[in-house]
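Reading through the structure tokens given below for one structure.
Here is the naming used below: chain letters follow the sequence lines, and residue numbers restart at 1 for every chain.
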There are 2 protein chains.
Amino acid sequence: MEITQNIKIAVDAIVFGYSKNELNVLLIKQKFGALKNKWALVGGFVKDDEKLQDAVHRELLEETGIKVNYLEQLFTFGDDLHRDPRFRVISVAYFALVNSTKLEAKPDTDAEEAQWFPIHKLPELAFDHDTILKTAYTRLQNKLSYQPIGFDLLNNEFLFSDLENLYSTILEKNIDRRNFRKKLLSFDILEETEKFSDKKNGRPAKLFKFNKQKYNKLLKEGFYFEIKFA
Amino acid sequence: MEITQNIKIAVDAIVFGYSKNELNVLLIKQKFGALKNKWALVGGFVKDDEKLQDAVHRELLEETGIKVNYLEQLFTFGDDLHRDPRFRVISVAYFALVNSTKLEAKPDTDAEEAQWFPIHKLPELAFDHDTILKTAYTRLQNKLSYQPIGFDLLNNEFLFSDLENLYSTILEKNIDRRNFRKKLLSFDILEETEKFSDKKNGRPAKLFKFNKQKYNKLLKEGFYFEIKFA
DNA sequence: TGCTTTATGCGTAAGTTTTACACAAATATA
DNA sequence: TATATTTGTGTAAAACTTACGCATAAAGCA
């Protein structure tokens, strides 16, 4: 049986970063083709002997110099039959989170055209990337409530108020500060450090750490992370 | 920029059916190639102008004559670089549920080699299909608790005991019959019919229906389906 | 120094949901 | 008519969630 198929496989990464109470998305400006100067997700074609995740890491490194904290497959988009005039492209989209400190860092490659955009102030996007992004944002919102991935968007050590703001920003909901803290502490996956915030105003706050090892251990014992809001 | 890529795109379907308190998976016997006579998931290569879901429906119809009740994209498997000796294959796996009545029906095409296997009595599988299947089973288990997809595995009208058995079989857990019924009824997405079971033993049981319209309406109002067990 | 402002840290009562458990009702069959 | 079998319903205790209020620790300023 002969197989003639003229489809190319690409990967795209939706990279989220969180900084100053805003959720941001990493985009790059297209340098070639009909869509020159439009913004797009980081991505590119997969090499014949390259695993899908490796392709994502490579593209991220090549185009933006960024190393992500968390990466998972999101969805495969393949129904836009004319995304590229040369051939059909099927794109395996990945969902990534980076630590907020990396937000400030300039990309270290030739891509000074990589830029962070607040999720609610996006430019017009190339291809079907707005659809992909919407899917990714929904996934982030859902995942936040049953997996402790918020920590991958924060510094290693963070304030409770940071975490709380992250949740209320991304979920677009108000949260009761006291119940939120109580709930998270009850999971017993956070660790107090000896350090304090150095903000000007108010009572200094303790810095906390996420204990991933402990979380993984608890998972095996049937523990179930879940945060819901009214 | 020239793109040379020698990868083919396939779709695979993991079709689940439920009958007589057993969860079954639909497999077909390979007729050609090195893996002749091994069992595999239903699937095949995507046509250049064919949407991914359409490819799945086509393959299912061609190879088994089955029309599914529920279909969703599961995951894209692309890291087995040598699944096919001719070229690399990336497979977009879909997750499907069929109504139990269809379990008895013979495939109406040339594929008398399609067969249902109980999930816990699977034959050796071709390619990486055992990995795919495991992923699918986990997805089914998870999804059962936050989306009312169990109904897609049952007849249009079903007994509460059927539903309860389905949950306890698939989740491999014991369920308190009374609390289960109470919980499900509290959602107000089931409808009593006037009909009763025709079993020989015991008190006749009412047949129920899932009211999908009502469920969809409730969803829009912020309703959240969830069934958990101790 | 002490008053005000700001944000953190903790406690508790009321409301809601989950869990555990037992008995009556409806049928078939001996 | 008694027995076996499965369905249908109720209720109290426990666990969890929600909605709040107040004391504490710093900084700024009069």
Side-chain angles (χ1 to χ4, degrees), chain A residues 20-21 144-146 154-155 157-169 171 173-210 218 221-230, chain B residues 20-21 144-146 148 154-155 157-169 171 173-209 218 221-230:
Chain A
K20 291 170 195 147
N21 297 346
L144 219 46
S145 52
Y146 64 88
L154 293 175
N155 293 334
E157 301 187 336
F158 54 86
L159 306 174
F160 244 104
S161 52
D162 293 338
L163 194 59
E164 185 201 321
N165 283 327
L166 186 147
Y167 269 83
S168 72
T169 303
L171 299 181
K173 276 184 181 172
N174 292 324
I175 295 172
D176 183 281
R177 186 169 53 85
R178 296 154 288 185
N179 292 336
F180 180 77
R181 172 188 265 255
K182 222 181 308 174
K183 182 81 188 177
L184 268 155
L185 287 178
S186 78
F187 292 148
D188 207 26
I189 54 176
L190 296 186
E191 260 172 32
E192 262 183 54
T193 68
E194 299 299 307
K195 298 176 207 159
F196 286 84
S197 64
D198 55 353
K199 278 192 269 180
K200 294 153 213 154
N201 275 347
R203 174 174 176 175
K206 276 192 205 117
L207 284 161
F208 284 81
K209 274 178 136 176
F210 172 52
L218 287 173
E221 297 166 7
F223 165 73
Y224 190 44
F225 181 88
E226 183 163 46
I227 299 187
K228 280 191 289 191
F229 304 104
Chain B
K20 291 171 196 147
N21 297 345
L144 218 46
S145 53
Y146 63 88
L154 293 176
N155 293 334
E157 302 186 336
F158 54 85
L159 305 174
F160 243 103
S161 52
D162 292 338
L163 193 60
E164 185 201 320
N165 282 328
L166 185 148
Y167 269 84
S168 73
T169 303
L171 298 180
K173 276 186 180 171
N174 292 324
I175 295 173
D176 183 279
R177 188 167 54 85
R178 296 156 290 188
N179 292 336
F180 179 76
R181 173 188 266 255
K182 224 182 306 175
K183 183 79 187 177
L184 268 155
L185 287 178
S186 79
F187 292 149
D188 206 25
I189 53 175
L190 296 186
E191 262 172 31
E192 263 183 53
T193 67
E194 299 299 308
K195 298 176 210 160
F196 286 84
S197 65
D198 56 352
K199 278 193 267 176
K200 293 155 213 155
N201 274 349
R203 175 173 173 174
K206 277 193 204 117
L207 283 162
F208 283 82
K209 275 177 131 174
L218 288 171
E221 296 164 9
F223 164 73
Y224 190 43
F225 181 88
E226 184 164 45
I227 299 187
K228 281 192 286 194
F229 304 104

Original post:
Quick one: A:D162 CG to C:dT8 C1', roughly how many Å, whole number?
Top reply: 13 Å

Subject >> Results of side chain to side chain contact (heavy atoms under 4.5 Å, CB included) for B:E192 - residues two or more places apart only >> reply: B:K206, B:F208

Original post:
Which whole-number value in Å describes the distance from B:L185 CG to D:dT7 P?
Top reply: 14 Å

Original post:
Along nucleotides 12-18 of chain C, 5' to 3', which nucleotides get a B, which get an S, and which get a -, given that the test is a protein heavy-atom distance under 4.0 Å?
Top reply: B-----S

**OP:** Could you say whether A:K206 or B:F229 is positioned toward the 5' end of DNA chain C, judged by the nucleotide with the nearest heavy atom to each?
**Re:** A:K206

Original post:
A:N174 CG to D:dC20 C1': how many Å, rounded?
Top reply: 15 Å

**OP:** Could I get the full list of side chain to side chain contact (heavy atoms under 4.5 Å, CB included) partners for A:N201, not counting sequence neighbours?
**Re:** none

**OP:** Starting at atom CG of B:D198, determine the distance to atom P of D:dT6, rounded to an integer number of angstrom.
**Re:** 15 Å

Subject >> Any B:R181 side-chain N or O less than 4.0 Å from OP1/OP2 of D:dT7 >> reply: no

Subject >> Qualifying salt bridge (Lys or Arg N to Asp or Glu O under 4.0 Å) pairs with a residue from residues 221-230 of chain B, counting only residues at least two apart or across chains >> reply: A:E226-B:K228, A:K228-B:E226

**OP:** Round to the nearest Å and state the distance from B:I227 atom CD1 to C:dT19 atom C1'.
**Re:** 16 Å

**OP:** Sequence neighbours left out, what passes side chain to side chain contact (heavy atoms under 4.5 Å, CB included) with B:K195? Give chain and number order.
**Re:** B:E157, B:T193, B:L207

Original post:
How long is the line joining CD of A:E164 and P of C:dG9, in whole Å?
Top reply: 11 Å

Show which side-chain atoms of residues 159-166 of chain B pair as donor or acceptor with protein atoms under 3.5 Å away, not counting sequence neighbours.
unit_1 : atom_1 : unit_2 : atom_2 : d
B:D162 : OD2    : B:L159 : N      : 3.2
B:N165 : ND2    : B:S161 : O      : 3.1

Original post:
Any sub-3.5 Å donor-acceptor pair from B:S168's side-chain atoms to B:I175's backbone N or O?
Top reply: no

Subject >> Per-nucleotide protein contact string for nucleotides 22-30 of chain C (B base, S sugar-phosphate only, - none; heavy atom under 4.0 Å) >> reply: B--BBBS--

**OP:** Please step through side chain to side chain contact (heavy atoms under 4.5 Å, CB included) for the pair A:F210 and A:L154, ending with a clear verdict.
**Re:** CA-CA 10 Å; A:F210 172 52; A:L154 293 175; over 6 Å; no

Subject >> Test ring-ring contact (aromatic ring centres under 6.0 Å, His included) applied to B:F223 - qualifying residues, sequence neighbours left out >> reply: B:F187

**OP:** Name all residues meeting the side chain to side chain donor-acceptor pair (under 3.5 Å) criterion together with B:N174; count only those two or more places apart in sequence or in a different chain, and write none if there are none.
**Re:** none

Subject >> Pair pattern of DNA chain D in dot-bracket, where unpaired bases get dots and | marks partners in another strand, Watson-Crick or G-U under 3.5 angstrom >> reply: ||||||||||||||||||||||||||||||

Original post:
For B:S161 and D:dT7, is the shortest distance between a side-chain N/O and OP1 or OP2 below 4.0 Å?
Top reply: yes

Subject >> Whole angstrom value for the distance that separates C1' of D:dC20 from CZ of A:F180 >> reply: 19 Å

Original post:
Starting at the 5' end of DNA chain C, which residue's closest nucleotide do you reach first, A:A205 or A:D176?
Top reply: A:A205

Subject >> Any residue meeting side chain to side chain contact (heavy atoms under 4.5 Å, CB included) with B:N179, in chain and number order, not counting sequence neighbours >> reply: B:D176, B:K182

**OP:** Using a cut-off of 6.0 Å, state whether more than 12 heavy atoms not belonging to B:N21 lie near its atom CG.
**Re:** yes

